[in-house]
Amino acid sequence: MHTKNIFITGKPGCGKTTLIKQIIEELNLDAGGFYTTEIREKGIRKGFKIITLDGKEGILAHVNINSEYKVSKYGVDIKSLEEIGVKSILNSLRKKVIVIDEIGKMELLSEKFKEAVLSALDSENNVLGTIMLSHNPFTDKIKKREDTKVVYLTPENRKEVKKEIVSILYQSTFH
């Protein structure tokens with residue numbers, strides 16, 4: 001079975017999202033899906049924003065969100081995740097590449113998110129995403145899939161990892 005799903009993992013701040021953006025741009029891929037970015041105020045991380053490749057955005061989590069769903073000090077906005085993130089994954093099932101940044105603790109609070117991820121992984125499309133480093137039954141299953149490759153990113157191996165992912169995506173989307 002060939003690799004069609006590629007996930008980048010690594011420590012926070014090692015550049016996983018940046019690398020995905022560079023690869024999508026460099027290969028000019030027909031892609032959909034979403035990224036997450038930090039919300040910073042005066043240099044302090046206050047939360048996370050979810051931004052789709054076609055420009056929709058919303059707050060995924062924030063210290064000021066009062067929610068029954070919490071990850072550390074952040075209240076998680078499940079509605080925003082499902083209306084923006086989940087929708088972008090499902091709408092991308094017609095694209096060549098589905099970007100899912102990220103499959104982490106906050107996102108896993110949503111059953112709809114998990115279902116959308118599985119639909120993407122089981123589709124004909126390539127999936128390019130980031131996945132949490134720590135153990136979790138859902139993410140561990142994804143990491144063990146035969147059609148999935150997980151690469152560990154560090155500042156030192158960035159060039160090699162990028163070359164490897166570009167090569168896999170180039171072969172499966174242009175041939």
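As the structure is a computational prediction, the values presented were derived from the model and not from experiment. FYI, side chains are in, hydrogens and waters are out, and symmetry mates aren't considered; it's all heavy atoms of this structure.
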S.K.: Do K163 and E160 meet the salt-bridge criterion of a basic N to acidic O distance under 4.0 Å?
M.R.: no
S.K.: Membership question, hydrophobic clusters at under 4.5 Å side-chain separation (ILVMFWY): are M132 and F113 in the same one?
M.R.: yes
S.K.: Does M106 belong to the same Ile/Leu/Val/Met/Phe/Trp/Tyr cluster as V99, with side-chain heavy atoms less than 4.5 Å apart forming each link?
M.R.: no
S.K.: Please say yes or no: joined through hydrophobic side-chain contacts below 4.5 Å, possibly via intermediate residues, are V150 and L128 part of one cluster?
M.R.: no
S.K.: Is D30 reaching over with its side chain to a backbone N or O of K95, donor-acceptor style, under 3.5 angstrom?
M.R.: no
S.K.: Taking atom CG of N64 and atom CD1 of I39, what is their separation to the nearest 0.5 Å?
M.R.: 10.0 Å
S.K.: Please give me the minimum heavy-atom distance between T3 and I168, naming the atom from each residue.
M.R.: O-CG2, 4.0 Å
S.K.: Which residue is it: K159, R158, K149? I am looking for the one with a salt bridge (Lys or Arg N to Asp or Glu O under 4.0 Å) to E164.
M.R.: K149
S.K.: Does any non-hydrogen side-chain atom of T37 lie less than 4.5 Å from one of E57?
M.R.: no
S.K.: Please determine which of R45, K46, H62 meets the side chain to side chain donor-acceptor pair (under 3.5 Å) test together with Y74.
M.R.: R45
S.K.: Step through the shown structure and confirm whether more than 12 heavy atoms of other residues, nucleotides or ligands are within 6.0 Å of NZ on K79.
M.R.: no
S.K.: Indicate, with yes or no, if L133 and I142 share a hydrophobic cluster defined by side-chain heavy-atom contacts under 4.5 Å among Ile, Leu, Val, Met, Phe, Trp and Tyr.
M.R.: no
S.K.: Please answer whether the main-chain N or O of N125 pairs with a side-chain N or O of K4 as donor and acceptor at a distance below 3.5 Å.
M.R.: yes
S.K.: Could you go through the salt bridge (Lys or Arg N to Asp or Glu O under 4.0 Å) check for E115 and K112 one step at a time?
M.R.: CA-CA 5 Å; E115 288 166 21; K112 285 183 182 165; over 6 Å; no
S.K.: How many angstroms lie between atom CD of E38 and atom CD1 of I44, to the nearest 0.5 angstrom?
M.R.: 12.0 Å
S.K.: R145 side chain to N5 main-chain N or O, any donor-acceptor pair under 3.5 Å?
M.R.: no
S.K.: Atom NZ of residue position K105 - does it have more than 12 heavy atoms of other residues, nucleotides or ligands inside 6.0 Å?
M.R.: no
S.K.: Heavy atoms only: give me the nearest S123-I98 pair and the separation to one decimal.
M.R.: OG-CD1, 4.2 Å
S.K.: Side-chain contact, heavy-atom cut-off 4.5 Å: I65 with V76?
M.R.: no
S.K.: For S80 and I59, indicate whether the former's side chain and the latter's backbone hold a donor-acceptor pair under 3.5 Å.
M.R.: yes
S.K.: Ignoring hydrogens and geometry, is there a side-chain-to-backbone donor-acceptor pair from K16 to K11 under 3.5 Å?
M.R.: yes
S.K.: Apply side chain to side chain contact (heavy atoms under 4.5 Å, CB included) to residues V117 and E107 and explain how you reach the verdict.
M.R.: CA-CA 10 Å; V117 166; E107 295 82 2; over 6 Å; no
S.K.: Can you tell me how far the CD1 atom of I165 sits from the CG atom of L19, to the nearest 0.5 Å?
M.R.: 5.0 Å
S.K.: Between the side chain of S88 and the main-chain N/O of G85, is any donor-acceptor distance below 3.5 Å?
M.R.: yes
S.K.: Can you tell me how far CD1 of I20 sits from OG1 of T130, rounded to the nearest 0.5 angstrom?
M.R.: 5.0 Å
S.K.: Are K162 and E26 close enough that some pair of their side-chain heavy atoms sits under 4.5 Å apart?
M.R.: yes
S.K.: Please report the shortest heavy-atom distance between S119 and L93, naming the atom on each side.
M.R.: O-CD2, 4.1 Å
S.K.: Would you say the side-chain atoms of N157 pair up with the backbone N or O of Y152, donor to acceptor, closer than 3.5 Å?
M.R.: yes
S.K.: Quick check for you: to the nearest 0.5 Å, what is the distance between I78 atom CD1 and E68 atom CD?
M.R.: 8.5 Å
S.K.: Should I6 and F138 be regarded as members of a common hydrophobic cluster, given that ILVMFWY residues are connected when their side-chain heavy atoms come within less than 4.5 Å of each other, either directly or indirectly?
M.R.: no
S.K.: Taking all atoms of both residues into account, what is the closest heavy-atom pair of S92 and G33, and its distance?
M.R.: OG-N, 2.9 Å
S.K.: Quick check against the 3.5 Å criterion: does T9 have a side-chain atom that pairs as donor or acceptor with the backbone of I131?
M.R.: yes
S.K.: When you measure from the side chain of D101 to the backbone N and O of F34, does any donor-acceptor pair fall under 3.5 Å?
M.R.: no
S.K.: Heavy-atom count around K87 NZ within 6.0 Å, excluding the residue itself: above 12?
M.R.: no
S.K.: Do side-chain atoms of E25 reach the backbone of Q22 as a donor and acceptor pair under 3.5 angstrom?
M.R.: no
S.K.: Ignoring hydrogens, what is the shortest heavy-atom contact between L53 and Y35? Give both atom names and the distance.
M.R.: CD1-CE1, 3.6 Å
S.K.: Do L109 and V71 make a side-chain contact, defined as non-hydrogen atoms from C-beta onward lying under 4.5 Å apart?
M.R.: yes
S.K.: Between L29 and N126, is any pair of side-chain heavy atoms under 4.5 Å apart?
M.R.: no
S.K.: Can you tell me how far apart CD (E82) and CD (E111) are? Round to the nearest 0.5 Å.
M.R.: 9.5 Å
